[in-house]
2 protein chains.
Amino acid sequence: MSDSVEEQKIRKNERKIEMTEVEWEIMRIIWDIEPCSAGAVQEELARRRMSSEGISGKAYSTVKTTMDRMAEKGFLQIEKVRNLQLFKSCISEVDAKQREFRKMLKRAFNGALTPMMQFLIEHEGISTDEASQLRELVRKSEEKAK
Amino acid sequence: MSDSVEEQKIRKNERKIEMTEVEWEIMRIIWDIEPCSAGAVQEELARRRMSSEGISGKAYSTVKTTMDRMAEKGFLQIEKVRNLQLFKSCISEVDAKQREFRKMLKRAFNGALTPMMQFLIEHEGISTDEASQLRELVRKSEEKAK
DNA sequence: GAGCATATTCTATATATGTCGAACATGTCA
DNA sequence: TGACATGTTCGACATATATAGAATATGCTC
């Protein structure tokens, strides 16, 4: 029994949305320069990759295809101006970070913050500086909560 | 110009190793009951999925295929006993957590801890309880570092 | 030794992702 | 108006992942 087109669409929209590495690279650029064309993103991507890791960029069509797919997934929004397309983000940076963080937390720490913190201190070599900074942050947040 | 088989193998081994969601599910079980057979993992997976999310398990062959691939990737190790295979983990829980955490940190926070902490306090609604617990942890870690 | 239970291997499909070339469209400027 | 620069669309292929049925092997029990 094959599903109807409708059912497939529903499944498609319901499917868990995760950003891949390349998608993150693109999103970061979009957040910086939106609204922008695919070409602009492709160039900026090449620039960043070159300067940060010395690796080559990607072909225009590669970037464009990825961006089109991101639009389908609801990460991006396309606005037509004449025959051009301008891309804008549909999710905020905060939102994306939150999703990424929570995914990690769920996978690796059963969704709980405290065990993660414990882990950080035990295994991630949190520096004294970072620790006191952290303590400061926590103190402030406690104050604010009062 | 196509690559030689050797080159393909090298690329294969060099490729970035990430655990997918299903692989995490399986790894968690392995860490708990290793050394173990694929069948045992499949049964335990069904049990956990049912009790935690009320969703169905997966066919034996699905689990087995995934586990074989995990062995290829170096997550698992197969030990033959007669005609049976016993699986063991090749990476520790700590190691896996570390990888997952760092991947998230790199993607979403440019690899730096402090911005992540800031983010947590601002957006993840760290509770007063968690905050003081955290503060306690930090205090202890500072003492130890002395 | 025949058959059952269990395990392994092989094969196959669908979807996602990464990658890109080629063809086609169109606004601009000499 | 015709060439060029820039964009868009289409199609294609490789690999990864998720999924699972079918065929095959084999140890054990009666």
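Owing to the predicted nature of the structure, the values given are computational and were not obtained by experimental measurement. Throughout, protein chains are lettered first and strands after them, A, B, ... in sequence-line order, and every chain is numbered starting at 1. All heavy atoms count here, side chains included; hydrogens, waters and symmetry mates do not.
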Notebook entry, point to check: Could you give the CH2-to-C1' distance, from A:Trp24 to C:dT17, as a whole number of Å?
Noted result: 18 Å
Next item on the list: Using a cut-off of strictly less than 4.0 Å, decide whether B:Lys64 has a side-chain nitrogen or oxygen near OP1 or OP2 of D:dT19.
Entry: no
Check: Of the nucleotides D:dG21, C:dG18, C:dG21, which one has an atom closest to the side chain of A:Lys58?
Finding: C:dG18
Next item on the list: State, yes or no, whether a side-chain contact exists between A:Glu34 and A:Leu86 at a heavy-atom distance under 4.5 Å.
Entry: no
Note to self: Please tell me whether A:Gln85 and A:Lys64 have a donor and an acceptor in their side chains that are separated by less than 3.5 angstrom.
What the structure shows: yes
Next item on the list: Take the protein atom CD of A:Glu18 and the nucleotide atom C1' of D:dA16, then report the distance between them rounded to whole Å.
Entry: 14 Å
Next item on the list: Decide yes or no for A:Arg28 and B:Asn110: does some side-chain heavy atom of the first lie under 4.5 Å from some side-chain heavy atom of the second?
Entry: no
Note to self: Closer than 4.0 angstrom, basic N to acidic O: yes or no for A:Lys103 and A:Glu100?
What the structure shows: yes
Item checked: Worked verdict on A:Asp32 versus A:Arg48 for salt bridge (charged side-chain N to carboxylate O under 4.0 Å, His left out) -> CA-CA 12 Å; A:Asp32 285 349; A:Arg48 293 191 186 185; 2.7 Å; yes
Margin query: Rounding to an integer number of Å, can you tell me how far A:Leu84 CG sits from D:dA5 P?
Written below: 17 Å
Item checked: Nearest listed nucleotide, side chain of B:Arg69, among D:dT8, D:dT17, D:dG11 -> D:dT17
Next item on the list: To the nearest Å, give me how far apart CD1 (A:Ile26) and P (C:dT17) are.
Entry: 12 Å
Note to self: Ignoring hydrogens and geometry beyond distance, is the side chain of B:Ser37 in donor-acceptor contact with the base of C:dA7 at under 3.5 Å?
What the structure shows: no
Notebook entry, point to check: Rounded to the nearest Å, what distance is computed from the CD atom of residue A:Glu43 to the P atom of nucleotide D:dT6?
Noted result: 8 Å
Next item on the list: Ignoring backbone atoms, establish whether B:Gln85 has a side-chain N or O less than 4.0 Å from OP1 or OP2 of C:dT8.
Entry: yes
Check: What about the rings of B:Phe119 and B:Phe109, do their centers lie closer together than 6.0 Å?
Finding: yes
Check: Rounded to whole angstrom units, what separation is found between the CD atom of B:Glu79 and the C1' atom of C:dT8?
Finding: 17 Å
Checklist line | Side chain proximity check, A:Glu18 to A:Glu23, heavy atoms < 4.5 angstrom | finding: no
Notebook entry, point to check: Among D:dT9, C:dC20, D:dG21, which is the nearest nucleotide to the side chain of A:Lys80?
Noted result: D:dT9
Check: To the side chain of B:Ser61, which of D:dG21, D:dT8, D:dA12 is closest?
Finding: D:dG21
Note to self: Please tell me if B:Thr20 has a side-chain N or O lying less than 4.0 Å from either OP1 or OP2 of D:dA18.
What the structure shows: yes
Next item on the list: Ignoring backbone atoms, establish whether A:Thr62 has a side-chain N or O less than 4.0 Å from OP1 or OP2 of C:dC20.
Entry: yes
Check: Is there a side-chain polar atom (N or O) of A:Tyr60 under 4.0 Å from OP1 or OP2 of D:dT8?
Finding: yes
Next item on the list: Five pairs at each end of the helix from C:dG1-D:dC30 to C:dA30-D:dT1: take the axis at both ends and give me the angle between them to 10°.
Entry: 20°
Next item on the list: Provide, to the nearest angstrom, the distance between the CG atom belonging to B:Asp68 and the C1' atom belonging to D:dA16.
Entry: 16 Å
Margin query: What is the separation between atom CE on B:Met70 and atom P on D:dA18, rounded to the nearest whole Å?
Written below: 10 Å
Notebook entry, point to check: Can we say A:Glu44 and A:Arg47 salt-bridge, meaning some charged N sits less than 4.0 Å from an Asp/Glu carboxylate O?
Noted result: yes
Checklist line | Side chain of A:Thr65 - closest among D:dA20, C:dT17, C:dC20 | finding: C:dC20
